[in-house]
2 protein chains.
Amino acid sequence: MARPPDFELEPDEIIDAALEILDEKGLDAVSMRSVSSRLGVSPVPLYNRIGNKDDLLDAVAKRLLADLAPPTDPGESWQDYSERWAHELRERLRRAPDSRLVLRTRRWAFTEASRPLVDAMRAAGFDADEAVRGCRMLMWATVGFVAIESGAVTEITSRPRRSRLAGGDPSGVSQTEADQLFSLQIRLLIEGIDREERAGRAPRPPR
Amino acid sequence: MARPPDFELEPDEIIDAALEILDEKGLDAVSMRSVSSRLGVSPVPLYNRIGNKDDLLDAVAKRLLADLAPPTDPGESWQDYSERWAHELRERLRRAPDSRLVLRTRRWAFTEASRPLVDAMRAAGFDADEAVRGCRMLMWATVGFVAIESGAVTEITSRPRRSRLAGGDPSGVSQTEADQLFSLQIRLLIEGIDREERAGRAPRPPR
DNA sequence: ACCTGAACACCGTTCAAGT
DNA sequence: ACCTGAACACCGTTCAAGT
């Protein structure tokens, strides 16, 4: 537990320690005290290096959810990419060790993940505003879906053990139903974005 | 603070006290201890009457988010009702004193709120599965949107004071942009549900 | 039976005192 | 400067002791 005397404590080490505790014992076991004691240090250095607990959890979420967007595949239509983007984003978010961390993903991750999709839409002829709006819609739909789906619903304050009814899920929807629901939602949104864009392109769309 | 000797402590009183503290000092001030001391009682009776803290917060959310669905208006198309339903649901959820409570809304509230919409869709010719799927999609889209929008994103663990940049919002989107985004999303989903239903009705839809 | 007071095992955060 | 130990003001939950 003790550290060599003039060992520099890097902020990244703090996040590493927090991630270890997160994996081993869950998010509720991640505290300023548990992290600092794993590092063989009092809590004070954490305050000096990363700020308070909120900042620590933000940093953990940031580490966990970097590089969310899948790379573009040249020759792929924006529709196909959008679909793949949304599904891979969902997978990444679901893999977070605790779904509460997903809702800590803020601007930084969202704008970062949006960039390739916005670019793909612009390349397909969308103007800047349309592309941003379309991308934002898919982003919010995906993150919102995961927030509800993966037990942000049921684990906001951890109830120590909850039966989790064997493959069941928080709102009485099976996993395959949730998958279908997500696929359908994303497909409908992409089709809608497509029609909106075509309508905007026509000189004077019929109302 | 002291109570008359043989006064029955009703579970509802406990929830009342919790709601008072919620309104006055915020969700983080709602604790088993603060609620029990407001009632002039030790924490133990709360455990006997409503269970642990998780159960208490569930009960608070339940009280706060009952009767979510707006009543149907006879003569209104299922599309119009869906739109109104989604918008009013969003308003109700946004009005919760703390957005973390929204994610505690579970089956009970969702199924309750779904019923009139499912009925409206069935009355319009949807078969049972289609109606449930369509309604569920709108429900998840709405709740997910509110979860992201209204600072579930930024308030999961309360940071005491955060600047909240004057009318700004958590992900760099203005309120009117968020409103437009929500309206568009709901409209696209309703149009999509409509198209899916018509396609399913045709004897053999062209692929 | 059902309450209270006290206790247990924690928290986040701050601060005086040390080096 | 930057650490530690101790403290402050809390938590959720349980339990022996009282009535």
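All values below come from the heavy atoms of this structure, side chains included, with hydrogens, waters and symmetry mates left out. The sequence lines fix the lettering, A, B, ..., with proteins before strands; numbering per chain opens at 1.
Here the side chains of A:W78 and A:D194 are in contact, with some heavy-atom distance below 4.5 Å. Taking 4.5 Å as the limit, every side-chain heavy atom of B:P70 sits out of range of all side-chain heavy atoms of B:R92. Using a 4.5 Å cut-off on side-chain heavy atoms (C-beta onward), A:Q175 and A:E149 make contact. A:D12 is listed as a side-chain neighbour of A:I15, based on a closest heavy-atom distance under 4.5 Å.
One can place CG of A:L46 at 10 Å from P of D:dC3, the figure rounded to the nearest angstrom. Remark: P of D:dT4 and CG of A:N48 are 10 Å apart, rounded to the nearest angstrom. Between A:L56 atom CG and C:dC11 atom P the separation is 13 Å, expressed in whole Å. Atom pair B:E8:CD and C:dC3:C1' shows a separation of 13 Å (rounding to whole Å applied). Rounded to whole angstrom, the span from the NZ atom of A:K25 across to the C1' atom of C:dC11 amounts to 15 Å. When rounded to the nearest whole Å, the span between CZ of B:R49 and C1' of C:dC2 equals 8 Å. Atom CG in A:D28 sits about 17 Å away from atom P in D:dC11, given to the nearest Å. Going from atom OH of A:Y47 over to atom P of D:dT4 covers 14 Å, rounded to whole Å.
Relative orientation of the A:F145 and B:W140 rings is tilted, given thresholds of 30° and 60° on the angle between their planes.
Checked by atom type and distance alone, the side chain of B:E88 never pairs as donor or acceptor with a backbone atom of B:A69 at under 3.5 Å. Side-chain atoms of A:D23 never come within 3.5 Å of backbone atoms of A:E20 as a donor-acceptor pair (strictly under, hydrogens ignored).
When each of C:dT4, D:dT13, C:dT13 is scored by its nearest atom to the side-chain atoms of B:V44, the top-ranked nucleotide is C:dT4.
When the P atom is compared between D:dC10 and C:dA9, the two are found 22 Å apart, to the nearest whole Å.
Residues B:P45 and A:S34 both approach DNA chain C. Their nearest nucleotides, taken by heavy-atom distance, put B:P45 toward the 5′ side. Comparing A:R33 and B:M32, the nucleotide of DNA chain D nearest to each residue sits closer to the 5' end for A:R33.
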Under the 3.5 Å Watson-Crick or G-U criterion, the dot-bracket string of DNA chain D, with | for inter-strand pairs: ||.|||||...|||||.||
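Residue B:S31 has a polar side-chain atom (N or O) positioned under 4.0 Å from OP1 or OP2 of D:dC11.
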